[in-house]
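Notes follow the structure.
Remember, it's 1-based here, ligands and their atoms both numbered in the order they're listed. We count residues from 1, following the sequence as given.
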Amino acid sequence: MTDETLYNRLFRNVPDADKLFLETAEGRSLTYADVQAGAGRMANALVELGIKPGDRVAVQVEKTPEALLLYLGTIRAGAVYLPLNTGYTLTELAYFLEDAKPTVVVCDPQARTEIASLPEAQSVASVETLDAAGKGSLAERMARQGDAFETVQRAGDDLAAILYTSGTTGRSKGAMLTQENLAFNAGILVDYWRFTADDVLIHALPFFHTHGLFVATNTLLMAGGSVFFLPRFDAETVVRLMPRATALMGVPTFYTRLLAHEAFTKEVAQGMRLFISGSAPLLAETHREFSERTGHAILERYGMTEINMTTSNPYEGERRPGTVGFPLPGTELRVVDLETGTPIATDEVGVIEVRGPHVFKGYWQMPEKTASEFRSDGFFITGDLGKIDTDGYVHIVGRDKDLIISGGFNVYPKEVESEIDALEGVVESAVIGVPHPDFGEGVTAVVVRKAGSNLDEAEVLDALKDRLARYKQPKRAFFVDELPRNTMGKVQKNTLRETYGTLYQPAHSG
Ligand code: AMP
């Protein structure tokens, strides 16, 4: 572990201070010199607001170049960046403020009064604003500062960020990410995915989540490359900019939306060298359609907030659809039995556990929760179910909480979903467990049909009879226009479980 700060490591390979780092869709641009000067002004502004090393800066703002400077200024000042999903409500914010006790909160001007008057905000030294155009009280304060700032010395083990996990059950947990976690992972990704100063990445991911914040931003900074910094994914804008780009990092929905866009052709994608997908499973069908349309094999990788990027399909060699590739250099990954925690054989499904310099330090102020999610030998229990095949490719089959136990047997939703997805007329499906009086849980399928298909429930259930053991076969299948997803493209199985929760309950009589 080195004690060179994350900030300095990100800027270690600046090819030339005049090199462009960022361009917006409107043509606004920042060079590396602008970014470093801006981060210096931001760090000075934060210090003026009372920020000391280790203090938290909580941020709920739209994605703008100023938000990027706020992230960089925060780590440069030795403070801890705490980004919050722009969709969080005031009640949710109150919890994060109470839990993380930030010294400074930065929010949209419209939310300022409400946030500042929360009882949980009383210990906050200052509530500052930044709007969707990068203007607000923080931008004004920043404009009054000098560019020079001596980057605060931090140890590798000191925190750089706290990211609250989307936690679908119980309280949301703050994952503590250290300087070393982030710098180490960015270094690995630059090498593994061959990023250089010649790269131009289309950055259309949210800036509050690990994927857009760290994977996309840190990697390109460390490579000395540049980014098109877009507030959100819009297929038309992405297609327009693609001829000037070399790489895209996306969630699977980016790829399905591109495929649905007529103007997205082989010619448009010609100058691109790499399409990366993660944060949710990429359908094998999308992978196939994409390579038919463009000649590019999407590179799928796997990670999570707590462990950063952990596996990846190879840069050279077969990018195998439906898999997340191999453990990245520096990552130790094993699959263990769900109940006993002992390692299991190749091709058997179990829980994925991970160890390495990219694995987070623990959950903020939750020592017991942290202890229960690490094994005594330092492996983190991810809660993802998966297997390693005979060629060493890692497969993710779902979250352990999505595992269905029907009649005492384990049913892995992915296995059933893959069979349904392969049926004529099906776009995709989600398989959930719903409380059932006889079986504990009843396997239930929610299916999206292709336009024009009139596949019905009986046909779906019939088609699976020869393909799946009886206990894995769905008892019911429903059709929806689209599956509920969050901004990262993850299917919200909780929502589905709520919708179909009483399906198998006996009807009340009288
Ligand atoms: P987050 O912490 O929001 O990044 O979510 C991490 C979770 O997303 C992981 O624990 C996985 O369940 C899921 N995930 C990430 N990448 C993939 C992938 N390529 N395939 C399947 N699931 C994924």
| query | Do Ser406 and His436 have a side chain donor and acceptor closer than 3.5 Å? | reply | no

| Min side-chain heavy-atom separation Leu189-Phe214 under 4.5 Å | no

| said: Could you check whether any heavy atom of Val324 sits closer than 4.0 Å to an atom of ligand 1, since that is the contact criterion I want to use? | reply: yes

| query | Do Phe195 and Tyr315 make the cut of ring centroids closer than 6.0 angstrom? | reply | no

| said: Heavy-atom pairs closer than 4.0 Å: do any link ligand 1 to the side chain of Glu300, the backbone, both, or neither? | reply: side chain

| request: Give the numbers and elements of all ligand 1 atoms closer than 4.0 Å to a heavy atom of Thr305. | output: 1 (P), 2 (O), 3 (O), 4 (O)

| task | Kindly confirm or rule out an N or O of Tyr302 lying under 3.5 angstrom from an N or O of ligand 1. | result | no

| request: Would you please indicate if the ring centroids of Phe360 and Phe380 are separated by under 6.0 Å? | output: yes

| note | Out of Ser279, Gly322, Ser277, the nearest non-hydrogen contact to atom 13 (C) of ligand 1 is supplied by Ser279

| ligand 1 contacted by Thr382 (non-hydrogen, < 4.0 Å) | no

| Given Pro252, Ala175, Gly303, which has its nearest heavy atom closest to atom 15 (C) of ligand 1? | Gly303

| task | Give the single entry among Met304, Arg399, His209, His211 that approaches atom 6 (C) of ligand 1 most closely by any heavy atom. | result | Met304

| request: For the residue pair Glu498 and Thr495, confirm or rule out a side-chain donor-acceptor distance under 3.5 Å. | output: no

| When the aromatic ring centroids of Phe379 and Phe374 are compared, is their separation below 6.0 Å? | no

